[in-house]
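Report on the following structure.
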Amino acid sequence: MDVLQMYRETGALHEGHFLLRSGRHSPMFMQSVTLMQHPLYADAIGEAIGGLFEDVGLDFVIGPAMGGVTLAFVVARALGVRALFAEKDGQGGMYVREGLLIRPGERFLAVEDVITTGGSVKRAIEAAQAKGARCIGVGGIVDRSGGKADFGVPFKTLTALEFPTYDPGDCPLCRQGIPLLEM
């Protein structure tokens with residue numbers, strides 16, 4: 001599966017000067033929602049990520065809202081388990097909405113589309129763990145962390161890409177006067 005080609009074909013790969021959720025700047029941005037709006041691509045990605053974790057015995061898959069909602073759903077469907085999501089709580093963390101059932105002792109997979117620092121998926125994991133569930137792995141479409149993301153459980157993605165990211169105070173794109181875009 002050529003994930004980067006899927007992003008290109010759907011117009012989900014952008015070049016320019018972007019502010020990432022991590023606060024860092026990058027000349028490349030992957031807009032996964034653009035890719036995941038296509039059911040055939042979304043299903044293929046869900047099946048592929050599910051295949052990385054099919055023998056681990058799960059009760060549910062969780063992703064951070066909003067980007068991880070569709071991904072959690074297609075991976076959960078591929079694995080035959082429930083799909084949940086965690087939302088921002090307004091205080092820097094996340095919570096699992098009332099009505100999305102998590103039983104103590106349940107085992108889950110956390111998913112995220114593009115992982116740069118891993119912050120969003122870590123907060124989703126913490127939200128599920130607060131309900132007594134146990135994370136057994138983290139899956140994603142793209143690892144942009146350069147191998148630095150560590151969740152204390154197996155971490156598997158469909159591909160790893162090395163797009164440069166810059167601290168805002170040391171960004172060559174800023175020095176060149178290229179307008180910063182928030183995505």
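For this chain, numbers begin at 1 and follow the sequence in order.
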Counting heavy atoms not belonging to Gln5, are there more than 12 under 6.0 Å from its CD? yes
ILVMFWY network linking Leu4 to Leu20, side-chain heavy atoms under 4.5 angstrom: no
Between Val61 and Arg82, is any pair of side-chain heavy atoms under 4.5 Å apart? no
Let me confirm one number: the CE-CG distance from Met36 to Asp43, rounded to the nearest 0.5 Å. 8.5 Å
Exactly one of Ile45, Leu40, Thr159 should register a side chain to side chain contact (heavy atoms under 4.5 Å, CB included) with Met6. Which one does? Ile45
pair Glu47-Val75: side-chain heavy atoms closer than 4.5 Å: no
Check step by step if side chain to side chain contact (heavy atoms under 4.5 Å, CB included) holds for Val114 and Ile141. CA-CA 6 Å; Val114 178; Ile141 302 173; 5.6 Å; no
Please report the interatomic distance CZ(Phe53) to CG(Leu79), rounded to the nearest 0.5 Å. 9.5 Å
Using side chain to side chain contact (heavy atoms under 4.5 Å, CB included), reason through Asp167 and Arg24 one step at a time and then give a plain yes or no. CA-CA 5 Å; Asp167 183 89; Arg24 296 180 63 80; 4.0 Å; yes
Can you hop from Val33 to Phe29 via hydrophobic side chains spaced under 4.5 Å? no
Side-chain heavy atoms of Pro164 within contact of Pro27, under 4.5 Å: yes
Ser32 and Tyr7: side chain donor to acceptor below 3.5 Å: yes
Sub-4.5 Å side-chain heavy-atom contact between His25 and Cys174: yes
With distance as the sole test, does Arg103 use its side chain to make a donor-acceptor pair with the main-chain N or O of Gly132 at under 3.5 Å? no
Run the salt bridge (charged side-chain N to carboxylate O under 4.0 Å, His left out) test against Glu87 and tell me which residues pass, sequence neighbours left out. Arg97
Check: Phe163 and Arg144 side chains under 4.5 Å, non-hydrogen atoms: yes
Check step by step if salt bridge (Lys or Arg N to Asp or Glu O under 4.0 Å) holds for Arg175 and Asp170. CA-CA 8 Å; Arg175 287 194 299 272; Asp170 191 33; 3.4 Å; yes
Measure the CG-OG distance between Asp150 and Ser145 for me, rounded to the nearest 0.5 Å. 9.5 Å
Rounded to the nearest 0.5 Å, the CD atom of Glu162 sits from the CG atom of Asp143 at a distance of 8.0 Å
So which residues get pulled into Val121's cluster when ILVMFWY side chains under 4.5 Å apart are joined, directly or through others? Phe60, Ile62, Val69, Leu84, Phe85, Val96, Leu100, Ile102, Phe108, Ile115, Ile125, Val138, Phe151, Val153, Phe155
So Leu158 and Val142, do their side chains get closer than 4.5 Å, heavy atoms only? no
Tell me, please, which residues at least two apart from Phe73 pass side chain to side chain contact (heavy atoms under 4.5 Å, CB included). Arg77, Ala83
Answer yes if Phe18 and Leu35 sit in the same cluster of Ile, Leu, Val, Met, Phe, Trp and Tyr residues linked by side chain heavy atoms under 4.5 Å apart, and no otherwise. no
Minimum heavy-atom distance between Pro64 and Ala124, given as atom pair plus value: N-CB, 4.1 Å
Out of curiosity, does Leu19 fall in the hydrophobic cluster containing Met30 (side-chain heavy atoms, cut-off under 4.5 Å, transitive links)? no
Closest heavy-atom pair, Gly23 versus Pro168, reported as atoms and distance to 0.1 Å, is O-CG, 3.2 Å
Below 4.5 Å, heavy atoms only, C-beta onward: do Met28 and His14 meet side chain to side chain? no
To the nearest 0.5 Å, tell me how far Ser120 OG sits from Glu112 CD. 5.5 Å
Distance-minimising heavy-atom pair for Thr165 and Ser26: CG2-CB, 4.2 Å
Taking His17 for its side chain and Ile178 for its backbone only, find out whether a donor-acceptor pair lies under 3.5 Å. yes
Is Leu161 reachable from Leu13 through a run of I, L, V, M, F, W or Y residues, each pair having side-chain heavy atoms under 4.5 Å apart? yes
Supply the atom-to-atom distance Ile136 CD1 to Glu106 CD, rounded to the nearest 0.5 angstrom. 12.5 Å
Quick check on Met1: does its CE atom have over 12 non-hydrogen neighbours (other residues, nucleotides or ligands) under 6.0 Å away? yes
May I ask you to decide if Met94's main-chain N or O and Lys88's side chain share a donor-acceptor pair within less than 3.5 Å? no
Please determine whether side chain to side chain contact (heavy atoms under 4.5 Å, CB included) holds for the pair Val56 and Leu109, giving the CA-CA distance in whole Å, both sets of side-chain angles, and the decisive distance to 0.1 Å. CA-CA 9 Å; Val56 296; Leu109 172 67; over 6 Å; no
